[in-house]
Amino acid sequence: MYPVPSYPVKKGSIIDSHAHYNDHRFDDCREELLSKMYDLGVSKIINCGCDFESIEEVLDLSDKYDFCFSAVGWHPENVNEDEFDFARLDRIIKENKKIVAVGETGLDYNWRQDNKDRQKAAFHTQLDIAAANNLPVIIHDRDAHADTLEILKQHTPKGVVHCFSGSVEMAREVVKMGMYVGIGGVLTFKNGRVLKEVAADIPLERILLETDAPYLSPEPFRGKLNHSALIIYVAEKLAEIKGVSVAEVISVTAKNTEELFGI
Ligand code: NI
């Protein structure tokens, strides 16, 4: 089952800018959990598809639930030796009005370093597709900060670097490009020192809150099934870092998310 926050949250005030409710870990509680989201404090959720199978699944969720939106892309971890049908991705984007972003796309050198060129090529192509469809991008960057930044500078997209794991200097570059920094449960971890420095340094107006659910549950639920209502614990930590109220963190970051994705 899923953990329930003990923190009082205003109904329908939180937006989760990055989740994966299609994940099999939600199979025994997905409907119950999503039907309670408003009462648990959540107003909107963006689910990210990472290959054609999960794209179908997140589109089903946005068909079924008013408050669910979709991002569609080819995750760098799926960039294997198979060909990817980018024309099909483009068609799917044009056919579905609840697709609000291209992603996850980006680079993951933690996963593999032997296919960097292939990962970069897929990233470039998806940035072009996003631009052609006037959509923002949701960027996955793991252990690939320099190359990610270099490619972003070439394309200057609208978008967010999700689950940000770079330095303060990189965060400043991202903000300078007019992009957003995605922050989730890692902010509450004891070893999340650099992310806390990033959060302190960049303006709240450039931060989006996210879960990456079912992964990366914040403390005090680290290791358990993550879901959008637990964002309150990330907001609480961010409020402490920024010296503002939790309500302000939630409302400013929600507005940022609405503006970026047009939701
Ligand atoms: Ni994700």
Side-chain angles (χ1 to χ4, degrees), residues 2 14-27 30 33-34 37 42 44-62 68-80 84 89 98-112 119 122-123 126-127 130 135-145 148 152 157 159-166 174 179-189 192 195 207-218 221-231 234 253 257 260-261 263:
Y2 52 88
I14 290 170
I15 300 183
D16 185 353
S17 66
H18 191 118
H20 301 274
Y21 280 94
N22 59 305
D23 192 281
H24 69 89
R25 272 164 251 218
F26 287 113
D27 282 353
R30 182 179 300 106
L33 189 52
L34 287 174
M37 271 301 155
V42 179
K44 292 168 192 167
I45 297 169
I46 299 172
N47 284 302
C48 301
C50 301
D51 56 16
F52 284 118
E53 192 185 335
S54 57
I55 285 171
E56 285 294 313
E57 292 166 356
V58 299
L59 292 177
D60 284 347
L61 286 171
S62 60
C68 285
F69 300 86
S70 297
V72 296
W74 198 27
H75 193 290
E77 273 189 40
N78 296 327
V79 177
N80 46 32
F84 186 79
L89 184 72
K98 287 186 86 181
I99 292 175
V100 297
V102 171
E104 298 180 40
T105 178
L107 304 172
D108 194 324
Y109 296 166
N110 180 66
W111 169 64
R112 262 172 85 162
Q119 290 193 40
F123 188 20
Q126 290 179 84
L127 287 163
L135 286 178
V137 284
I138 294 177
I139 312 293
H140 173 104
D141 158 31
R142 197 153 173 226
D143 296 345
H145 305 318
T148 298
L152 289 178
V160 57
V161 180
H162 119 83
C163 196
F164 188 83
S165 59
V174 167
M179 295 182 71
Y180 293 84
V181 170
I183 292 181
V186 175
L187 191 70
T188 69
F189 296 175
L195 186 60
I207 296 175
L208 306 188
L209 297 184
E210 63 170 60
T211 54
D212 211 13
Y215 311 104
L216 296 174
S217 268
F221 299 112
R222 190 169 179 181
K224 302 236 166 68
L225 186 78
N226 196 8
H227 63 80
S228 307
L230 300 185
I231 276 183
V234 181
T253 55
T257 310
L260 175 61
F261 297 107
I263 60 175

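When a ligand or atom number is given, it counts from 1 through the structure's own listing order.
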Short side-chain to backbone donor-acceptor contact, [X] and [Y], under 3.5 Å:
X: S17; Y: L209; answer: yes
X: D108; Y: P76; answer: no
X: R30; Y: N22; answer: yes

What do you reckon, are the aromatic ring centroids of Y2 and F26 less than 6.0 Å apart? no
Protein N/O/S atoms under 2.8 Å of the Ni ion (ligand 1)? H18 NE2, H20 NE2, E104 OE2, D212 OD1
Any pair with a residue in residues 44-57 that passes salt bridge (Lys or Arg N to Asp or Glu O under 4.0 Å), sequence neighbours left out, goes on the list, sorted by first then second residue, please. K44-E258
Knowing that exactly one of D212, T257, N47, T211 qualifies, which makes a side chain to side chain donor-acceptor pair (under 3.5 Å) with H18? D212
